[in-house]
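Worksheet: the structure to be examined is printed underneath.
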Amino acid sequence: GAGVSQSPSNKVTEKGKDVELRCDPISGHTALYWYRQSLGQGLEFLIYFQGNSAPDKSGLPSDRFSAERTGGSVSTLTIQRTQQEDSAVYLCASSLAQGRYGYTFGSGTRLTVV
Amino acid sequence: GESVGLHLPTLSVQEGDNSIINCAYSNSASDYFIWYKQESGKGPQFIIDIRSNMDKRQGQRVTVLLNKTVKHLSLQIAATQPGDSAVYFCAENTGGAQKLVFGQGTRLTINP
């Protein structure tokens with residue numbers, strides 16, 4: 001597609017439920033990143049995929065968070081047993097190469113845990 | 001859409017004036033820097049980048065200045081327009097690193 005597409009754009013879930021957030025990167029972009037943006041905060045790195053290499057999961061805040069990228073394209077971020085502190089905007093970005101050329105971000109998924 | 005970053009540093013300027021947004025970065029080994037603009041309800045959008053072998057780079061109405069001695073980055077926006085109202089983030093990358101590290105962001109408000 002022409003840009004990075006994220007779905008859903010908004011998600012309200014009950015505490016304790018699992019959620020899945022989807023990201024469709026720009027075709028041909030080998031690098032894919034997930035960031036989290038809480039209200040009043042900057043962008044917090046979560047996880048990074050580059051081609052077929054093992055993902056960099058160093059930013060995942062707990063083992064309730066996981067992500068996968070199938071076929072080097074679409075990525076899904078899963079949050080299990082959601083907590084209120086998980087409420088944030090989850091941003092996905094892709095780039096042609098690792099970190100060097102600037103990312104193209106999607107519009108994000110606003111997650112609200114009630 | 002809802003605004004993000006309600007507690008961010010803010011800068012208010014009059015329409016038509018120039019604005020300067022500052023950023024202090026943390027890693028002296030960082031060698032690539034980017035400014036992003038984020039409008040309400042949208043993802044960050046690339047504005048301009050600069051490599052550490054430069055100290056100034058100009059784009060359309062924007063200029064980025066890099067002072068490696070004091071680890072300081074600034075974004076200058078000339079003749080600000082209402083559409084420039086947004087949150088602006090700087091980001092740094094260290095050679096070989098896999099990801100960009102983002103600053104806290106500054107909210108720019110343009111007064112008519």
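To find a chain, count down the sequence lines: A is the first, B the second, and so on, and within it residues start at 1. Quick caveat: nothing in here was measured; it's all calculated off a predicted structure.
A search for side-chain hydrogen bond (donor to acceptor under 3.5 Å, both in side chains) contacts involving A:Arg22 returns A:Asp24, not counting sequence neighbours. For A:Tyr35, the side-chain hydrogen bond (donor to acceptor under 3.5 Å, both in side chains) test picks out A:Tyr103, with sequence neighbours left out.
Between B:Tyr36 and B:Phe102, the ring-plane angle classifies as tilted under the 30° and 60° cut-offs.
Contact of A:Leu91 with chain B is made through the side chain alone, with heavy-atom distances under 4.5 Å. Neither the backbone nor the side chain of A:Thr109 comes within less than 4.5 Å of any heavy atom in chain B.
The greatest number of non-hydrogen atom pairs below 4.5 Å with chain A, out of B:Gly105, B:Gly103, B:Pro44, is found for B:Pro44.
Shortest non-hydrogen contact noted between A:Glu20 and A:Pro8 is O-CD, 4.2 Å.
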